[in-house]
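Comments concern the structure below.
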Number of protein chains: 2
Amino acid sequence: MNPSDLEKTAGRYAYDGLDRIIHEKARLSIIASLAGYSEGLLFNELKELCSLTDGNLSRHLAILQEADLVQMWKGTRNKRPQTLARLTEHGRRRFLEYVTRLERVVADASQLTRQSESGATLRPRTA
Amino acid sequence: MNPSDLEKTAGRYAYDGLDRIIHEKARLSIIASLAGYSEGLLFNELKELCSLTDGNLSRHLAILQEADLVQMWKGTRNKRPQTLARLTEHGRRRFLEYVTRLERVVADASQLTRQSESGATLRPRTA
DNA sequence: TTTTTAACTTTATAGTGTAAAGTAATTAAG
DNA sequence: CTTAATTACTTTACACTATAAAGTTAAAAA
């Protein structure tokens, strides 16, 4: 890589668009689940789908709610409290944006696959 | 979603394969950069490509090295110390695995796109 | 009426990302 | 020739945050 290349591509791999709130594994898990169920999912369903503990799920849902990515509906189902979580419109858009960025990461990686197949050397370059 | 569905898909969205070490944004950035340059990148090149500060890059490189995902070569270039970072074979494989999981996230998300296009309702479901 | 279960929420803690400060070695300035 | 500045990092301290353990409320069972 020569200096003029650097100039052109500074920040090329910074992945700015990878929104921290969505990128966190547990929350990505939650959002991706909700993305598949536009009618929403119950607390316990999410817990199972995402393999999260109660406290953990509760905290992450609170964070997602605060960011207006998810909305919660509290009700009762046979005399038991039930919480339904759903993506907001905003959350849906932000997730789609996030995924667009992810696609770039995947695309970048395909380059690696090609290079390794073409038998590139693994020696350090000389000074 | 009915209970038998839950049974079948518990952990469906847990994304276990999203290795924490690689998933972290700054490190994903570093690894994706290195993936594009099999001959390795210099400290300052990485700094630019990933828009990281010195300290930040240094720490993350140390973590990646400890995990045997990246290897470092210390040398000098016109009397200045230079550090060259490169993906290890192990790192390359782990990154490819990681990307495979990412592809699943992207695939999951395409479902959302389809649903939103088919005009699904946004009302909470009745108890 | 006491205990247990269900469905969460709150809190304490351990872990981690980040930038500021520190180090060492070279070059430039006075 | 001594001091200041630059380069190329590394170390440290702090602020943040993910997580699970403990706590809460209410219904159901014993």
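Chain naming here is simple, since letters A, B, ... match the order of the sequence lines and numbering starts at 1 in each. From a predicted model like this one, the values you see are computed outputs, not experimental measurements.
Distances shorter than 4.0 Å separate none of the side-chain N or O atoms of A:S58 from OP1 or OP2 on C:dC8. Between B:R27 and the phosphate of C:dG17, there is a side-chain N or O to OP1/OP2 separation shorter than 4.0 Å. In this model, the phosphate group of C:dC8 is approached by a side-chain N or O of A:Q82 to a distance below 4.0 Å at OP1 or OP2. Not one side-chain nitrogen or oxygen of B:R20 sits closer than 4.0 Å to the OP1 or OP2 atom of C:dG17. One finds a side-chain N or O of B:N44 lying less than 4.0 angstrom from the OP1 or OP2 phosphate oxygen of D:dA8. Residue B:K79 has no polar side-chain atom (N or O) positioned under 4.0 Å from OP1 or OP2 of C:dA24.
In this structure, B:K74 reaches the sugar-phosphate backbone alone: every heavy-atom distance under 4.0 Å involves primed, P, OP1 or OP2 atoms, never a base. Residue B:A26 is in sugar-phosphate contact alone, with no base atom involved, counting any heavy-atom pair closer than 4.0 Å across all strands shown.
Here the shortest heavy-atom pairing between B:S38 and B:R86 reads O-CD, 3.3 Å. When all heavy atoms of B:A32 and A:Y15 are compared, the closest pair comes out as CB-OH, 3.2 Å. Contact record, B:G11 with A:S51: CA-OG, 3.4 Å, taken as the closest heavy-atom pair. Nearest heavy-atom pair, B:S33 versus B:C50, reported as atom, atom and distance to 0.1 Å: OG-SG, 3.4 Å.
Per the geometry, CD belonging to B:E48 stands 13 Å off P belonging to D:dC9, to the nearest Å. Going from atom NE2 of A:H60 over to atom P of C:dC8 covers 17 Å, rounded to whole Å. When rounded to the nearest whole Å, the span between CG of A:L57 and C1' of C:dC8 equals 9 Å. Going from atom CE of A:M72 over to atom C1' of C:dC8 covers 10 Å, rounded to whole Å. Atom pair A:L18:CG and C:dG17:P shows a separation of 15 Å (rounding to whole Å applied). With rounding to whole Å, B:L64 atom CG is found 13 Å from C:dT16 atom P. Atom-to-atom, CH2 of B:W73 to P of D:dC9 comes out at 16 Å; the value is rounded to the nearest Å. The CD1-C1' distance, from A:I63 to D:dT19, rounds to 11 Å in whole Å.
Nearest nucleotide to the A:F43 side chain, out of D:dT19, C:dT9, D:dT10: C:dT9. Residue B:R80 places its side chain closer to D:dA8 than to any other of D:dA8, D:dA27, C:dT18.
Scanning for side-chain contact (heavy atoms from CB on, under 4.5 Å) contacts around A:R94 gives A:D19, A:I22, A:L69, A:H90, with sequence neighbours left out. Residues passing the side-chain contact (heavy atoms from CB on, under 4.5 Å) test with A:A85 are A:L34, A:L46, A:L61, A:V70, A:M72, sequence neighbours excluded.
Between B:H23 and A:H23, the ring planes are parallel. Angles under 30° get that label, and only those over 60° would be called perpendicular.
A salt bridge links A:E89 to A:R93: one of the charged nitrogens lies within less than 4.0 Å of a carboxylate oxygen.
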What protein N or O atoms touch nucleotides 20-23 of chain D N or O atoms at under 3.5 angstrom, if any, and at what distances?
unit_1: D:dA20; atom_1: OP2; unit_2: A:T53; atom_2: OG1; d: 3.3
unit_1: D:dA20; atom_1: OP2; unit_2: A:N56; atom_2: ND2; d: 3.4

